[in-house]
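Chain letters run A, B, ... following the sequence lines, proteins first and then strands; every chain starts at 1. These values consider heavy atoms only, across backbone and side chains, with no hydrogens, waters or symmetry-generated copies. Here the structure is a predicted model, which is why all the values come from computation and not from measurement.
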Amino acid sequence: MDDPFNAYITQWSFSGAGTGPLAGRTVAVKDNISTAGCATSCGSRILAGYVPPYDAHAVALVKAAGAAINGKTNMDEFGMGTTTENSAYGPTLNPRDVSRVPGGSSGGSAAAVAGGLADLALGTDTGGSVRCPAAFCGIVGLKPTYGRVSRYGLIAYANSLETIGPMGRTVRDVSDLLRVIARPDSRDTTMQGRPYEHDPVADPKGKRIGVPAEFFGAGVDPRVAETVRKAVETLAACGAEVVSVSMPSMRYALAAYYVTCTSEASSNLARYDGVRYGPGGETAKSWHDAFTAVRSGNFGDEVRRRILLGTFALSAGYYGKYYGKAQTARANVGADFARLFADVDVLAGPTMPVVAPRLGELADPLAMYLADILTVPANLAGVPAISVPCGTVDDLPVGLQLTGRPFEDETVIDIAAAYEEAVA
Amino acid sequence: MSDVVIGLEIHCQLDTKTKLFCPCSTDYRDDGPNTHVCPVCLGLPGTMPAVNRAAIEYALKVAKAFHCAIPEECEFSRKNYFYPDLPKGYQITQYDRPLALGGYIEIESEEGGEKRVRLTRIHVEEDPGRLVHKGGGDRARYSLVDYNRSGVPLIEIVTEPDMTSPKEARRLLAQLRATLEYLGVYDSEKEGSLRVDANVSIRGHERAEVKNISSYKGVEKALTFEITRQRSLIRRGAVIERETRHFVEARGTTTSSRSKVEEHDYRYFPEPDLPPLRVAGWVDAIELPELPAARRDRFVAQYGLSANHARTLTGDLRLAAFYEEIAGNDPALAATWVADTLLGELNYRERSIGTVDPARFRALLALVKAGTITDRSGVEVLRAVLDGDEEPNTVVERLGLAATTGDDAIATAIAEAIAEFPQAVADYRAGKANAINYLAGQVMKKTRGRADPRELGRLLAEALTE
Ligand SMILES: [Zn+2]
C-alpha cells in the first residue's frame, strides 16, 4: 500500500473473516495497541523489534467482527505529543495539507482515515490524542468514557487518563466501531461492564447544550471560536436548547493533567530496561550502567523530559506539592463537570484552540502543552467527548467537541450525528 | 527486664493456586525457569493486573486470626525501583491503605507467661522474580532471570518492636507459621516461602535492620549474632550506626551492606490499573477454623494432656493432626511418645512429621501398651522403623526385643547380679531400699533392656527375700 503521509509504522495484512459487523472494512490500529504477531513499537526505538505475543482486547474484538487490519499507525512516542512529530519513525503528514501536522498523538490513525487508506481506525486518547488529530484532519474521533473500552493491550502512558477510541469519517462509522470494542473484559478491572449497543439518533430536540465561556478564552483562535459558535447555533436551530455556563476548574486542568500523566508515565516506562524485549544492553556492564545506557540511548527527548518531570513530581518531599495537589485539582474538574451535567446534557466547544500547525511550528514543548487545554478536562474526569468536523478556517478543518456525562457516550454520539446530518 | 528491642517484618508466600494478578500456577518449584509465566507476570507492555480474590481472602483470614482492624477499603500502590527481577520496574504492593492495621500475635514470653506482640499492619504484594548468578556468587560473569516466582502473592506482616530476645522472635515466627498453616493459607515446607527482615537494637542505641533471613532457625541465629555484635561495640564505647545489614546464613553472621549510598526513594503512588478494593461485607463471611490456641485448650480438656504437651503437639498443624490420628485409647501415652520421643528422633534426622507412617506408629504404641516390649525397646523399634521400611512387629522379632519377663534369661540375670554384687544385697537387706535399683540396673544391662521394669522390681524383691 502506498503511504504518502507516513501514516503507518508497520503495514500488515490481516484479512477479515468476511462476515461480522465490520466485514469488508479496513481498520488501522495505533502502534501502542498490542497486535499478536505484528510489531508494536509505540513510535519508539526502545520497542524496536518487539512483537507482542497477544492481542489487545480491542484488537481481538475488531478481528472477530470480520474487519481487515492493514497496519500499525504512526504516533508521538508513547503518545507524548500533539503533532505526531515526536516519533522515532518520522512525522506523519496531514492529508488535508501535507505541510501541516495531522495532530497527535494518534496522527497516523487520523491520517490513514482522512487520506482514504483505512475506513476506520483505533486511536488512543490520554489528553486529547484521538480528538486532536480528528479535528486537524477533518474526521470524527471519540474518546469514550473511562472504563467503557478495555485497556488490556494498550501500552500504558498514563493509565488513569487514557482510553482506546474509535475514529472514522462519519459519526456512524465511529459508533459502529465503538459497538464492536466496548465489550466487557475481566482483565481490565477498571472497566464498568457497560457495553455500547447504540445506533446514532440524529435528533437533538429537547437536549440542553452548555457552552462554557472558558472554552472560548485566551489562546483560542477567534476564527476557530466563531466557526464553533456557528455549529452550536446550527444545533439550536435543530431544536437543542443552548445555555451559557462556566467551568472555573479549567484554570488548573492543564497543570493537573501534566503532573498526573508524567507521574504515571515515569512509572509505566520503567519496564523498558533492555532485559526482556527491545534493544538489549551490554551484559558486561553493571546493571545500573546497562539499563541507563538502554534508556538514554533509545527514548526520545519528549519522553525523557516527561519521565524526569514525573519522577520529580512523585519524589519524597514533593509528592504532596505536585502529585497530591494535582489529584485535588482533578477532583475539582470532576466536580465541575458533575455540577454542569446536572443542568445540561452535553458541553460544546472547540476541540483544539487552533487549526493544524505547520510541521515544526509547535517545537516548543510549552506551546505544545498549551494546545491540549480544551481536551484534557474530559480525560481528568473520565467523561466521553467526541470531535466532529464543523467547517474550516483557511481551508483547514475545525473540530466541534461535545462532552457528555459518564457512560452517556450515546448522547454525545447522537448530538454529533444530529450536527453532521444538519450540515450534510 | 531485657534491654533488647526486636521488631520483625515477615514476608510469607500465600499458598494460592494461581498468582496474585494473573492466572499462572504458583506450583513452579519442580519446573524449569520461566515456565510459569504469561504476558502479565512478565510485565509485557499493555498488560494489566487483575486481583486474585483467593489471595485477598487468604490475607483477610490472617488479619482476622490476628485480631487486626480491617478497613472497608484498601488500595494497591506502586513501589518504583529498577532491578532485573522486577519486570515492570515497580512492585505492586500496598502503602498508605493496607489491608489490615493493628492486631497482635500471642506468644509464650521469656518469663513463661503469655505475651502479646502487637502488629503494625498486614499488607498484600507481589513477589518479584529471581536472579540466578551464573558461575556462582561474586565470581559470576552474568546473571539469568527466572520469572516463575514473579507475581506470587505475599503478605507482609510488620510487628511493633515488642520482642526482647531472639527466642521470643523465634516463638513469634513459630506461632505465625502454625496459625497460617491452620488457616490453610501457607505452606512452610515450600522453599523460599518465608523471608524475614529484623530490626534490632539495644535500648538507648540506634537500630540495625538485618535483611535476608529465610529460615526459622536463621532468625534466632542472626539476632543472637547481631545482639552480641552491638553489645561488644557499646562495651568498647563505639557508636552504633543505623544501617542495613545482611545475614550470611552459611556463617551465621551479619555484614553491613553499606546501603546508605543507595538510599531508595520508592516514589509510591496508587496503582492506577486497580480500583480501590472494597472488602467490607466480605470479611464477615470468612469463617476461621480452629486455631492453635483453641486446639491446645481442647487437647488439655479432651485428652487430659499437660499444658506443655498440648502446646508442643498443637504447635504444628501436621503434628497435631498426626497426634489426633494415633491418640487412640491411651492419649497420655501417645502424647508422651510423640512429644518426648518421636519429635527428638525426627529432629535428629532433620525429618518432618509428614514422613512418619501413622499406622506403624500406632502399632508401636500398641506393643508398648500391651507390655510386649519395654519403653526402652520401644525407642529402638521406633528408630528402626524410622530408618528402615519395616513394621514394628517385624523389628521386634528380628532384634529379639520381646520383653523377657518371667523367662529363664531374666531369672539367670537376677541370680548373677545377686552373686556378683553382695554389697548391694547386704545394703538392701540392711534396709536401704534404694539398693534394689542398683541391682535392677545390672539386670537390665545383662538383658539388654528387655526386662519390664515393674516386673523386674517384683522379681528382684522376691529373689532377695528368699
Ligand atoms: Zn502470569
Side-chain angles (χ1 to χ4, degrees), chain A residues 32-34 40 42 47 50 52-54 56-57 147 150-156 158-162 185-192 260 263-264 266-278 283-284 287-288 290-292 295 310-319 323-324 327, chain B residues 21-23 34 37-53 76-92 95-96 129 131 133-134 140-145 147 150 261-278:
Chain A
N32 60 349
I33 303 174
S34 303
T40 299
C42 291
L47 273 172
Y50 171 63
Y54 73 100
H57 190 59
S150 170
R151 286 184 293 117
Y152 193 86
L154 157 59
I155 298 179
N159 329 49
S160 75
L161 297 161
E162 64 206 1
D185 179 12
S186 60
R187 295 169 301 179
D188 175 357
T189 56
T190 64
M191 285 193 80
Q192 302 276 343
T260 304
S263 296
E264 291 181 12
S266 72
S267 174
N268 287 327
L269 272 57
R271 72 189 66 198
Y272 306 107
D273 57 12
V275 173
R276 291 158 301 276
Y277 39 78
T283 51
W287 159 243
H288 188 274
F291 82 74
T292 304
R295 291 168 67 80
T311 302
F312 178 73
L314 288 176
S315 297
Y318 295 96
Y319 181 92
Y323 187 83
Q327 301 323 299
Chain B
F21 297 122
C22 67
N34 297 310
V37 292
C38 73
V40 175
C41 56
L42 284 175
L44 290 193
T47 55
M48 297 176 71
V51 176
N52 174 355
R53 287 179 68 92
F76 285 97
S77 288
R78 291 186 182 179
K79 179 180 181 177
N80 295 285
Y81 63 97
F82 286 99
Y83 207 63
D85 67 4
L86 198 62
K88 300 186 292 297
Y90 55 83
Q91 179 192 29
I92 304 179
Y95 183 56
D96 45 7
L131 289 188
H133 300 288
K134 226 39 196 179
R141 284 181 48 245
Y142 59 94
S143 300
L144 299 172
V145 203
Y147 292 106
S150 169
V261 280
E262 45 181 86
E263 193 68 39
H264 280 299
D265 176 358
Y266 291 119
R267 295 177 283 120
Y268 288 98
F269 74 105
E271 167 57 81
D273 279 339
L274 292 171
L277 190 63
R278 243 193 118 62

Checking heavy atoms, do the side chain of [X], its backbone, both or neither come under 4.5 Å from chain B?
X	answer
A:Ala316	both
A:Leu47	side chain
A:Tyr318	neither
A:Asn32	neither
A:Ser186	backbone
A:Ser34	side chain
A:Tyr319	side chain
A:Arg187	backbone

Residue among A:Gly274, A:Gly317, A:Ala270 with most heavy-atom pairs under 4.5 Å to chain B: A:Ala270
Partner chain B: residue of A:Asp273, A:Asn268, A:Leu269 with the largest heavy-atom pair count (under 4.5 Å):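 Of the options given, most contacts go to A:Asn268.
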Under 4.5 Å from any heavy atom of chain A, what part of B:Pro84 do you find: side chain, backbone, both or neither? both
B:Tyr81 versus chain A, heavy atoms under 4.5 Å apart: side chain, backbone, both or neither?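 The answer is neither part of B:Tyr81.
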Working to the nearest 0.5 angstrom, can you tell me the gap between B:Met48 CE and A:Leu154 CG?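 If we round to the nearest 0.5 Å, B:Met48:CE and A:Leu154:CG are 8.5 Å apart.
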Of all heavy-atom pairs between [X] and [Y], which one has the smallest distance, and what is that distance?
X	Y	answer
B:Asp265	A:Ser315	OD2-CA, 3.4 Å
A:Ser263	B:Phe269	O-CZ, 4.4 Å
A:Thr189	B:Pro49	OG1-O, 4.0 Å
A:Arg151	B:Asp273	NH1-OD1, 2.8 Å

Among residues at least two apart in sequence or on other chains, which ones pass ring-ring contact (aromatic ring centres under 6.0 Å, His included) with B:Tyr90?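 For B:Tyr90, no residue satisfies ring-ring contact (aromatic ring centres under 6.0 Å, His included) once neighbours in sequence are set aside.
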Using the six-membered ring wherever Trp is involved, compare the ring planes of A:Phe291 and B:Phe82 and label them parallel, tilted or perpendicular (cut-offs 30° and 60°). parallel
Answer yes or no: is there a side-chain heavy-atom contact under 4.5 Å between B:Pro270 and A:Gln327?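 They are not in side-chain contact.
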Find out whether A:Tyr272 and B:Pro45 are in side-chain contact, i.e. whether some heavy atom of one side chain is under 4.5 Å from a heavy atom of the other.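 Heavy-atom side-chain distance check passes, below 4.5 Å.
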Main-chain N/O of A:Ser267 paired with B:Arg78 side-chain donor or acceptor, under 3.5 Å: no
Qualifying side chain to side chain donor-acceptor pair (under 3.5 Å) pairs, either residue in residues 39-52 of chain B, two or more places apart: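 Every side chain to side chain donor-acceptor pair (under 3.5 Å) pair that includes a residue of residues 39-52 of chain B, provided the two are not neighbours, is B:Thr18-B:Asn52.
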